[in-house]
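Some notes on the structure that comes next.
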Amino acid sequence: MDETGDSELARLMRAALAGDEKAYRAFLGRAGDLVRRFARRRIVDGAIDPEDIVQETLLAIHLKRHTWRADMPIEPWIAAIARHKLVDAFRRRGRHVDVDIDAMAETFAAPVAETLAQREVDRALDTLSPGQRTVVAAVSLDGRSIRETAEQLGMSEGAVRVALHRGLAAIAKHFGRRHGRD
Amino acid sequence: MDTEDLIKALAADTRRPRLSLPATWWAAAGLAALVAAVVFMLTLGPRPDFAAAAETPRFLLKFVVAAALAAAAFGAVRSLSRPGADWRPAAACLAAVAALLVTAVVAELAVLPRALWATRLVGTNSLVCLTYIPLIGLGPLAVFLAALHHGAPTRPRLAGAMAGLLAGGLAAVFYAAHCPDDSPLFVATWYTMAIAGLAALGALAARRLARW
């Protein structure tokens, strides 16, 4: 990525941190493209779905965005987070291959289409409390705004925000850690 | 869930951490110093001849080395809590602290008669040193590990070890006011051992830090 591209990303992030939600979406989209390219380059044996790395990295970027300093180049920051997540995923997988024989048998037995459709993020979503799950699903899968979600569920907007934030933090925590073993 | 869907959820989540990373580190440093001071005053307190000792270069050097170590480790742990930040300048500062201690040891060997080397190295207080530097540093270490958790360490083991060095340096600043052994030979041996213990503990505790 060249210097102008980097500063454009940094500009979007600065606007996002100042409260511009549209800029933040654009930033996350572009950061996701960067991470996707990075992950596809490094995952050569198909052992890990690069898109899982993209999603886990975006979650980490979101929850740790206060660790970026506005005067710091943003691309090395994103790359360092992506690398950390990729290494973590490889390490986790290595351990699962050794330990998790039952889960592997399940994976082999399951219909192929189903395993492909279920991402790590969906597995993590399944571990949430029903309340958090409903809110996260409404905002992500159904694409509702905070206000629409609040109206639909009969909650206050503040309660929806809290559930969304805690739900995302919990997803990040459970990402790729199956059956609570890891 | 598609990545597009995930991005919608992330963008809608506008709740942000209340503390910036620099604010977190300075608050942690203040809290850690307070905890160390309280534990030190409750358990040991300064030595009785503190005022007289404060005029001797060996006594003062202990504070210089301990404070320099804490400052360098503070810089290191702050960089290591930020993904992609360069921690090499801080590593250079740590090397400079080590060089300072080595210089002090060489100078001490030069001025001290050979017959006294072993006596000064063993000192009178080594067990107290090995006990109380870790004891005073334990609370600060917990505080610094919590601060690291608020950050995003991509090299958790190294970051945890630096948090241990920082806690150890801070504890040594306080402990030095109590310890009657002022020789650099004593400091380089026993202080180093006690602080290394805290660094090892920090590195061990860092397993949990990797999850963020």
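Since the model is a prediction, treat every value here as computed from it, not as a measurement.
Contacts between A/Ile61 and chain B at a heavy-atom distance below 4.5 Å are absent for every atom of the residue. Contact of A/Leu28 with chain B is made through backbone and side chain together, with heavy-atom distances under 4.5 Å. Both the backbone and the side chain of B/Thr154 come within less than 4.5 Å of a heavy atom of chain A. For A/Leu168, the part sitting under 4.5 Å from any heavy atom of chain B is the side chain, from C-beta outward, and nothing else.
Put simply, the side chain of B/Leu21 does not reach to within 4.5 Å of the side chain of A/Arg69, judged on heavy atoms. Side-chain contact between B/Trp212 and A/Ile81 is present, with at least one heavy-atom pair separated by less than 4.5 Å. The closest side-chain heavy-atom distance from A/Lys64 to B/Pro83 is not below 4.5 Å. For the pair B/Thr24/A/His66, no side-chain contact is recorded, criterion being any heavy-atom separation below 4.5 Å from C-beta on. Counting only heavy atoms from C-beta outward, the side chains of A/Arg119 and B/Met1 never approach each other to under 4.5 Å. Using a 4.5 Å heavy-atom threshold, the side chains of A/Arg25 and B/Lys8 count as touching.
Heavy-atom pairs under 4.5 Å with chain B peak, among A/Val87, A/Val162, A/Val160, A/Ile78, at A/Val162. In terms of heavy-atom pairs under 4.5 Å with chain A, the best-connected choice from B/Gly84, B/Pro22, B/Ala9 is B/Ala9. Between chain B and the options A/Lys85, A/Lys22, A/Arg83, A/Lys173, heavy-atom pairs under 4.5 Å are most frequent for A/Lys85. Most heavy-atom pairs under 4.5 Å with chain A, from the set B/Asp2, B/Leu19, B/Asp5: that is B/Asp5. Put simply, of A/Glu51, A/Arg144, A/His62, the one with the most heavy-atom pairs under 4.5 Å next to chain B is A/His62.
With B/Arg82 contributing its side chain and A/Thr67 its backbone, the two residues share a donor-acceptor pair below 3.5 Å.
Within 6.0 Å of the CD atom in B/Glu4, the count of heavy atoms belonging to other residues, nucleotides or ligands does not exceed 12. At most 12 heavy atoms of other shown residues, nucleotides or ligands fall within 6.0 angstrom of atom CZ in B/Arg157. Remark: A/Arg36 CZ is packed, more than 12 non-hydrogen atoms of other residues, nucleotides or ligands lying under 6.0 Å away. The environment of NE2 in B/His178 is crowded: more than 12 heavy-atom neighbours from other residues, nucleotides or ligands sit within 6.0 Å.
Atoms CZ and CG, on A/Arg166 and B/Asp13 in that order, are 11.5 Å from each other to the nearest 0.5 Å.
Counting all heavy atoms, side chain and backbone alike, A/Leu58 lies closest to B/Leu10 at O-CD1, 3.7 Å.
Counting only N and O atoms by type, the side chains of B/Thr14 and A/Glu21 include no donor and acceptor under 3.5 Å apart.
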